[in-house]
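Quick notes on the structure that follows.
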2 protein chains.
Amino acid sequence: MTDGPVRLDATAKRIIELLQEDGRISYAAIAKAVGLSEAAARARVQKLLDSEIMQVVAVTDPTQVGFTRQAMIGVRTEGDPMRVGDRLAEVPEVDYVVTTAGSFDLLVEVVCEDDPHLLDVIRRVREQEGVLSSETFVYLKLNKQHYNWGTR
Amino acid sequence: MTDGPVRLDATAKRIIELLQEDGRISYAAIAKAVGLSEAAARARVQKLLDSEIMQVVAVTDPTQVGFTRQAMIGVRTEGDPMRVGDRLAEVPEVDYVVTTAGSFDLLVEVVCEDDPHLLDVIRRVREQEGVLSSETFVYLKLNKQHYNWGTR
DNA sequence: TCACAATTCTGCGGTAATCGTGGATTTAAC
DNA sequence: GTTAAATCCACGATTACCGCAGAATTGTGA
């Protein structure tokens, strides 16, 4: 998140791909797949986690775990969009923030319990300094969500 | 993805939250945290995975693993947006599709290697039957990405 | 090219976690 | 109240995890 681009060799990429398929695969299985000792594979994984290139986490469809309202908010800003984006990232209900080129400067995904909650979050976003306007896209259905795009 | 809403008890929710923090936490640690035997905790996790309520995976910032171009594509459709969304979900470069209410019917996130690749993906999206128009937001920076929103 | 330092890897032993199974317990349906 | 299904626990055999010491590799500067 903070560092610049990091060099990843073929082994690191292969390890990432294995964990993209199954985040709970054992170190021993990783080692066998990439041709390293188990200890070396473990060190590699730990380094990838420590450097924040990769995180291994449980991902859920929020609507299945009690968050009935999700939305993407397109935001137009004045001043430095990244600065505004970093501040919006601090809002707990915000799980995803990207700075973009296009008719929005920022795209902000939020996870809420219900409509009043969403309304409150939108209000807080719009109050943020540097936010000129926003447009909300309420999620009706999550059609696809995957993470195994591999590496290049 | 296919089934309706599934009932999650407090234990299941607690397990999900633990795995949202650390996808590689041991079954034994989960068992201790939720007050079950190790075997029971393992069975619960397996059930959550099998039912596709939860997936445990490695998540990366695509720009760090060789995908230099990412974008969100806002799509306006005719006909059933979900149908179009499900078809767009089959495009390999598409990693995220949601049906929304607002000035776009669908939001489609794509992961590409470079500009020509992105251009080609956009072309394929626009050619899709039922797609009236689209607007592309090229990602400049990923400010935040997290998954530990918990459960309710 | 060589020497030196830093990093990475291997092998291994002790400890802990995983996995399967059988039987007890709880839950749900009628 | 009875039955069936689901869930849980106990436990042993297997496998994985983890830390460490030394070897091998990589990278750097003279």
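Throughout, protein chains are lettered first and strands after them, A, B, ... in sequence-line order, and every chain is numbered starting at 1.
- At a threshold of 4.0 Å, the pair A/Lys47-A/Asp50 does not count as salt-bridged, since none of the basic side-chain nitrogens sits closer than that to a carboxylate oxygen.
- No continuous path of ILVMFWY side-chain contacts below 4.5 Å connects A/Val138 to A/Leu142, so the two sit in separate hydrophobic clusters.
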Enumerate all atom pairs, one protein N or O and one N or O from nucleotides 7-9 of chain C, separated by less than 3.5 Å.
residue: C/dT8; atom: OP1; partner: A/Lys47; partner atom: NZ; Å: 3.1
residue: C/dC9; atom: OP1; partner: A/Arg44; partner atom: NE; Å: 3.2
residue: C/dC9; atom: OP1; partner: A/Arg44; partner atom: NH2; Å: 3.0
residue: C/dC9; atom: OP2; partner: A/Arg44; partner atom: NE; Å: 3.4

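- Within the cation-pi definition used here (under 6.0 Å to the ring centroid, within 45° of the axis), B/Arg24 qualifies as a partner of A/Tyr27.
- Within residues 17-33 of chain A, the residues having any heavy atom closer than 4.0 Å to DNA chain D are, in order of number, A/Ser26, A/Tyr27, A/Ala28.
- Distance, B/Asp50 CG to D/dA6 P: 14 Å, rounded to whole Å.
- The side-chain contact (heavy atoms from CB on, under 4.5 Å) search around A/Glu135 returns A/Arg76, A/Phe104, A/Phe137, B/Ser103, not counting sequence neighbours.
- Each of B/Val121, B/Leu119, B/Ile122 was checked for a side chain to side chain contact (heavy atoms under 4.5 Å, CB included) with B/Cys112, and the lone residue meeting it is B/Val121.
- One can place CD of A/Gln46 at 15 Å from P of D/dC20, the figure rounded to the nearest angstrom.
- D/dT15 atom P lies 19 Å from atom CZ of A/Arg42, rounded to whole Å.
- Remark: A/Asp115 engages A/Arg69 in a salt bridge, criterion side-chain N to carboxylate O under 4.0 Å.
- Ranking D/dC9, C/dT18, D/dC18 by closeness to the B/Ala39 side chain, first place goes to D/dC9.
- A salt bridge does not link B/Lys13 to B/Asp9: none of the charged side-chain nitrogens sits closer than 4.0 Å to a carboxylate oxygen.
- Between B/Arg124 and B/Glu93 there is a salt bridge, with a side-chain nitrogen of the basic residue lying less than 4.0 Å from a carboxylate oxygen of the acidic one.
- One can place CD of A/Glu38 at 13 Å from C1' of C/dA16, the figure rounded to the nearest angstrom.
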